[in-house]
Amino acid sequence: MSDQREILVGERDDGTDLYLPVVELLTGRGFVTGKSGSGKSNTASVIAEELLESGFPLLIVDTDGEYYGLKEEYEMLHAGADEECDIQIGPEHAEQMASLALEENVPVILDVSGYLDEEVADELLRKIARQLFVKEKKLKKPFLLVVEEVHEYIPEGGGMGETGRLLIKISKRGRKHGLGILGISQRPADVKKDFITQANWLVWHRLTWDNDTNVVGRIIDTEYSELVSELNDGQGFVQTDWMDVDVRKVQFRRKRTFDAGATPGLDDFERPELKSVSDALVGDLQDISERKDREESRILELENELEKKEKRIETLEDELESARDVSNAAKQMADALTRKETLQTKLGGGDDEELRRLHDEIVDLETERDDLEDERDELQAKLDERTNRIETLEGKLSSRTETVDRLREENERLRDRVRDLETAVETEEVEESNAESTDETEILQAGGDDVEFGFTSVEWPSQTESDADESEEITTAPEPKPPEAVFEGEWIDDRLERAAEQSQCTASTARRALVVLARDGPLESAAIADAVGRSTVAVQGLCSELLTEGVVERPVARTYTLSDDVRSKLDAMASAE
């Protein structure tokens, strides 16, 4: 990616266009603010559209469910808790989400508006942000994290949690790893000043509350604390580290995609047809959810069974205690009856039959007590066995989790290997094509009956000089060059190499794409991707770089055709032939 890449976001007060450098947006620290309806979310959407149009992924933390309109034009993964999302996720999906965004170049809308438990949403964002930060230490890939309502995570008045501290850490240290952050809020007075003062690009839309305009006065200048309240919808003061002028007044353009955050009116609401990512990516995330549900169901089942066993043991212990009380009472009665004076008093001189009856009753009670104790011990043994089984299952679960992580890492290595092999194969094809084009095989052509078109070997007899003059003229015809060879030469090689270097495609793929555009253009990037056998995201990035090099033009959004300069060159080459 070239540091000179820029995107058009609006028009300055003097009528000139305002371009912002891509590398600063992706890796820098941004802050966009303005009261409700002033245009701050539109500005964020415009920046997102331009980055997506150029093939750069990003992750948007959507607190109000208003960014899904971007899917009208772009393939994005909409993840959250609502059924309208492509996939319902939880904190357990954090690592996979970060991998998709950074390693698979999948743009993500993280919709946290549907979570009933705010702690779950906070944990999800915290874990994803941490995974992005950790992975970027190794990848160092320019990537932008957009956070709506940032004051909820990093408030000025204190009470900042672990998630807020992590966002502050990203704003301070993420840039050197390639991880940028854009915070959006309608109340700058409620945002921690450390975040605002560290931002290297800021957009101030209309603000009217005194506390908020005072912040503008402290950050920019006192005069702007009054001017900011007079801005129209979509207008804003842009303050950056890289512009010659400290502050510029800008009218941001309207976003092209569906405005899902617009205030509902009386007209019928018509939801546009939305694009999404492949089912395979969603399926991977669903597998994680299903596995977690199965594990939680099994644990709940074991806990319920354990609770039943514990209640049975308590019941048996109560029955055993009652049996002991009866046994003791019977023994006391038997002892009393065996005493001579008691026998004479109670039984009128003794009764062996009564003694035997009491003795038998004692024996029966003691036997019942022993049986209850045995049953209790047996149940206790089963309980211990169940407990050991639970511990074993938990151990297996932990082992399987480690195995899944290991397999995931192995899968990523295999993907990298496949990409390397694809690049090597394309490079080899280019080299073979170049070798064939330079080593032209000459084919003999003659007008006589004995030899037709030079496809047979011919041994010519010796000739005199006069005979040679009269001999039929022999010509050679080179083997036809591949279509891609038209786009070779000093006039275009350097531009194609630079475009390939800044994208995920090779120069050979770029030439094939130009052949497709010359034959069938104008075409959308998806159609070009199908024709050259590469992903839409990769070809979109290639087309964006070719646009920068002046090789192609974009007559309408996401549609490309050969530039006038290239077409003129092709016409000149055809005329020369």
Side-chain angles (χ1 to χ4, degrees), residues 1-5 22-23 52-57 75 102-106 139-143 178 278 412-439 480-554 558-563 565-566 569-570 573:
M1 183 188 67
S2 172
D3 290 353
Q4 281 70 42
R5 283 294 310 277
V22 169
V23 69
L52 292 169
E53 187 72 24
S54 299
F56 297 101
E75 294 180 358
L102 287 176
E103 299 169 10
E104 300 294 334
N105 291 326
V106 177
L139 295 175
K140 297 189 182 299
K141 173 183 179 179
F143 187 87
S278 67
E412 291 305 321
R413 287 195 293 271
L414 289 175
R415 287 181 180 175
D416 293 340
R417 178 58 178 162
V418 169
R419 284 194 288 267
D420 293 342
L421 289 174
E422 288 178 347
T423 302
V425 169
E426 290 182 356
T427 303
E428 184 177 352
E429 290 176 352
V430 172
E431 292 175 352
E432 291 178 356
S433 176
N434 291 337
E436 291 174 359
S437 64
T438 55
D439 185 17
K481 295 182 180 179
E484 292 86 347
V486 176
F487 296 99
E488 294 179 354
E490 296 181 356
W491 69 280
I492 198 170
D493 284 346
D494 290 344
R495 289 187 285 175
L496 294 186
E497 290 295 339
R498 286 195 298 270
E501 182 180 355
Q502 303 301 329
S503 68
Q504 302 177 39
C505 299
T506 64
S508 175
T509 301
R511 290 186 174 91
R512 294 203 305 273
L514 294 181
V515 170
V516 173
L517 286 175
R519 184 184 63 216
D520 303 324
L523 293 173
E524 292 188 356
S525 54
I528 303 173
D530 291 339
V532 301
R534 293 303 304 273
S535 69
T536 302
V537 173
V539 172
Q540 178 62 55
L542 172 64
C543 290
S544 179
E545 295 298 335
L546 292 174
L547 180 65
T548 302
E549 296 293 339
V551 178
V552 300
E553 297 177 350
R554 191 166 62 195
R558 301 178 67 83
T559 301
Y560 298 91
T561 185
L562 296 180
S563 66
D565 175 54
V566 173
K569 181 63 177 179
L570 293 179
M573 293 169 63

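Keep in mind that the numbers below use all heavy atoms, side chains included, and drop hydrogens, waters and symmetry copies.
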Inset, instruction - Check whether any side-chain heavy atom of R512 lies under 4.5 Å from a side-chain heavy atom of V516, and answer yes or no. - result: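 A side-chain contact is absent here, since even the closest heavy-atom pair is not under 4.5 Å.
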Inset, instruction - Side-chain contact test, heavy atoms from C-beta onward, threshold under 4.5 Å: evaluate it for R5 versus S544 and give yes or no. - result: yes
Inset, instruction - Evaluate the side-chain contact (heavy atoms from CB on, under 4.5 Å) criterion for residues I528 and L517: first the C-alpha distance (whole Å), next the side-chain angles of each, then the deciding distance (0.1 Å), finally the verdict. - result: CA-CA 8 Å; I528 303 173; L517 286 175; 3.7 Å; yes
Least distance between heavy atoms, [X] atom then [Y] atom:
| X | Y | value |
| --- | --- | --- |
| V566 | G550 | CG2-O, 4.4 Å |
| V539 | C505 | N-SG, 4.4 Å |
| P522 | T559 | CB-CG2, 3.7 Å |

Quick one: does any side-chain atom of [X] pair with a main-chain N or O of [Y] as donor and acceptor, under 3.5 Å?
| X | Y | value |
| --- | --- | --- |
| Q540 | E53 | yes |
| R511 | F487 | yes |
| S563 | V551 | yes |

If you round to the nearest 0.5 Å, how far is [atom2] of [Y] from [atom1] of [X]?
| X | Y | atom1 | atom2 | answer |
| --- | --- | --- | --- | --- |
| T506 | E497 | OG1 | CD | 9.0 Å |
| R498 | D493 | CZ | CG | 11.0 Å |
| L496 | T509 | CG | OG1 | 11.0 Å |

Legend entry - Qualifying residue, where the test is side chain to side chain contact (heavy atoms under 4.5 Å, CB included) with L570 and the options are L514, D565, L562: L562
Legend entry - Set of salt bridge (Lys or Arg N to Asp or Glu O under 4.0 Å) partners for D520, sequence neighbours left out: none
